[in-house]
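Below is one structure, written out as structure tokens; the observations come after it.
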Amino acid sequence: SYIDDVTISLAPSCKKPSALTADNETTTSADLAWTAGGSETAWKLQYKKASASVWTVVDGTVTNPYTLTGLSMGTDYEFQVKADCGSGEESGWSKSGNFTTACTSMTLGTIYDFESDAKDALPACWNGGNYVSSSYYDSYKENPSVVSGAIYNHTASGSKAMKMKLYSSYVKTWVAMPKLPDGVNINDLQVSAFAYSTDGYSKSMLEVGVMNDPTNYSSFQRAGYITCESSNSGEVTVVDFSSLATVYNTNYRYIAFRAV
């Protein structure tokens, strides 16, 4: 065993808060709380998106609990607090607490063209992933994400698209859209989309259907197919959902695509 750089000093009298929690998350707010480090009654708070490197510090001091507002929907956040013990004395920042804001249901008729979404990630409130038949093929996985560039060569609006990688039958990819509104009958729906493949040797297929768990590949139920043309025809494919069994109306509330 080894020890090094040992220092003995007085413990700070203004101690860090602990046990950070979040509750009542909406699409734009969350109720934050924590355990005080001592008898202090005021705190400072900073927060950021989990993917960001720069913190936003809330002006002035906050109370415990505190409702944080002005957030983005379907987004992972991290927050920290520190005690304001008065007379200019403050604790260090606490360990981080984490929360995710809620998602709204999709709006029927909306065109998802991905132009306002960040590249190399899924849009807010979308889910997706890979199914790999054997760990041998793990190195071929690529998460679905928004991409841009001439290589995708589609004739739809803008320069961005959703990329879904398919590697033979061993690595399959899916994406699920935001949840359908309550009361919408799945059998009354249709999906229309451009689909284009960068594989010049074969036509890959996209299954279109519904999922009851947007994070679980095996919960997918197919309604139809879209053929991904290797030459850009510029055509929109329409898939009708009337053939789906009515049993899926209850819990299968996510429209999804699978590359097969």
Side-chain angles (χ1 to χ4, degrees), residues 25-27 50 73-76 98-112 114 117-118 120-147 161-195 197 203-228 237-260:
E25 295 92 336
T26 72
T27 56
M73 72 174 182
T75 303
D76 297 327
N98 302 92
F99 64 93
T100 302
T101 49
C103 289
T104 57
S105 299
M106 70 159 64
T107 301
L108 297 184
T110 297
I111 297 177
Y112 291 89
F114 309 109
D117 297 306
D120 304 320
L122 288 172
C125 299
W126 287 58
N127 284 276
N130 299 278
Y131 170 79
V132 182
S133 61
S134 168
S135 59
Y136 176 82
Y137 298 100
D138 280 347
S139 61
Y140 295 93
K141 291 192 302 184
E142 182 179 324
N143 286 328
S145 63
V146 174
V147 295
M162 175 69 70
K163 181 182 179 182
M164 301 172 62
K165 182 178 179 179
L166 171 68
Y167 180 78
S168 186
S169 60
Y170 305 108
V171 179
K172 300 179 181 180
T173 307
W174 84 93
V175 292
M177 300 177 71
K179 191 175 183 180
L180 288 166
D182 292 339
V184 172
N185 189 324
I186 288 176
N187 302 109
D188 295 334
L189 300 178
Q190 65 177 22
V191 172
S192 60
F194 285 93
S197 173
K203 294 182 178 181
S204 57
M205 303 290 290
L206 281 179
E207 290 182 319
V208 186
V210 292
M211 302 178 80
N212 67 353
D213 179 355
T215 66
N216 183 354
Y217 175 87
S218 63
S219 77
F220 183 91
Q221 298 295 327
R222 185 179 66 244
Y225 291 96
I226 295 177
T227 299
C228 299
T237 300
V238 177
V239 176
D240 186 275
F241 279 48
S242 59
S243 62
L244 277 171
T246 56
V247 67
Y248 297 127
N249 268 308
T250 303
N251 295 318
Y252 286 73
R253 308 303 296 169
Y254 300 89
I255 304 295
F257 300 83
R258 285 201 313 190
V260 296

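Keep in mind the model is a prediction, meaning the values are calculated, not measured.
Here the CZ atom belonging to F220 is positioned 7.5 Å from the CE atom belonging to M211, to the nearest 0.5 angstrom. Put simply, CG on L206 and OH on Y225 are 11.0 Å apart, with the number rounded to the nearest 0.5 Å. The structure places NZ of K141 at 15.5 Å from NZ of K172, a figure rounded to the nearest 0.5 Å.
When all heavy atoms are compared, the tightest approach of R258 to W174 is CG-CB, 3.7 Å. Nearest approach of A176 to Y254, heavy atoms of both residues: CB-CB, 4.4 Å. Closest approach of I226 to A195, counting heavy atoms only: CG2-CB, 3.4 Å. In terms of heavy atoms, N212 sits closest to Y252 at N-CD2, 3.3 Å. Taking all atoms of both residues into account, the shortest heavy-atom contact from M164 to A259 is CE-N, 3.7 Å. In terms of heavy-atom proximity, F257 sits nearest to V191 at CZ-CG1, 3.8 Å.
Residues M162 and V175 meet the side-chain proximity criterion, which asks for heavy atoms closer than 4.5 Å.
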Take V208 and F241, measure what side chain to side chain contact (heavy atoms under 4.5 Å, CB included) needs, and give me the verdict at the end. CA-CA 9 Å; V208 186; F241 279 48; 3.8 Å; yes
Would D120 and V146 satisfy side chain to side chain contact (heavy atoms under 4.5 Å, CB included), going step by step from the backbone distance to the final call? CA-CA 5 Å; D120 304 320; V146 174; over 6 Å; no
Check step by step if side chain to side chain contact (heavy atoms under 4.5 Å, CB included) holds for V210 and R253. CA-CA 7 Å; V210 292; R253 308 303 296 169; over 6 Å; no
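Screening residues 98-112 for side-chain hydrogen bond (donor to acceptor under 3.5 Å, both in side chains) gives D76-T100 as the qualifying pairs, with residues at least two apart or on separate chains. Sorted by first and then second residue, the salt bridge (charged side-chain N to carboxylate O under 4.0 Å, His left out) pairs with a member in residues 210-221 form an empty list; sequence neighbours excluded.
Using a 30° and 60° split on the angle between ring planes, W126 and F114 fall in the perpendicular class, above 60°.
No side-chain N or O of N143 forms a donor-acceptor pair with one of S145 less than 3.5 Å apart. Looking at N127 and T215, their side chains never bring a donor and an acceptor atom within 3.5 Å of each other.
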Just list the side-chain donor-acceptor pairs under 3.5 Å for residues 177-186, sequence neighbours left out, or say none.
from	atom 1	to	atom 2	distance (Å)
N185	OD1	N187	N	2.9
N185	OD1	N249	ND2	3.0

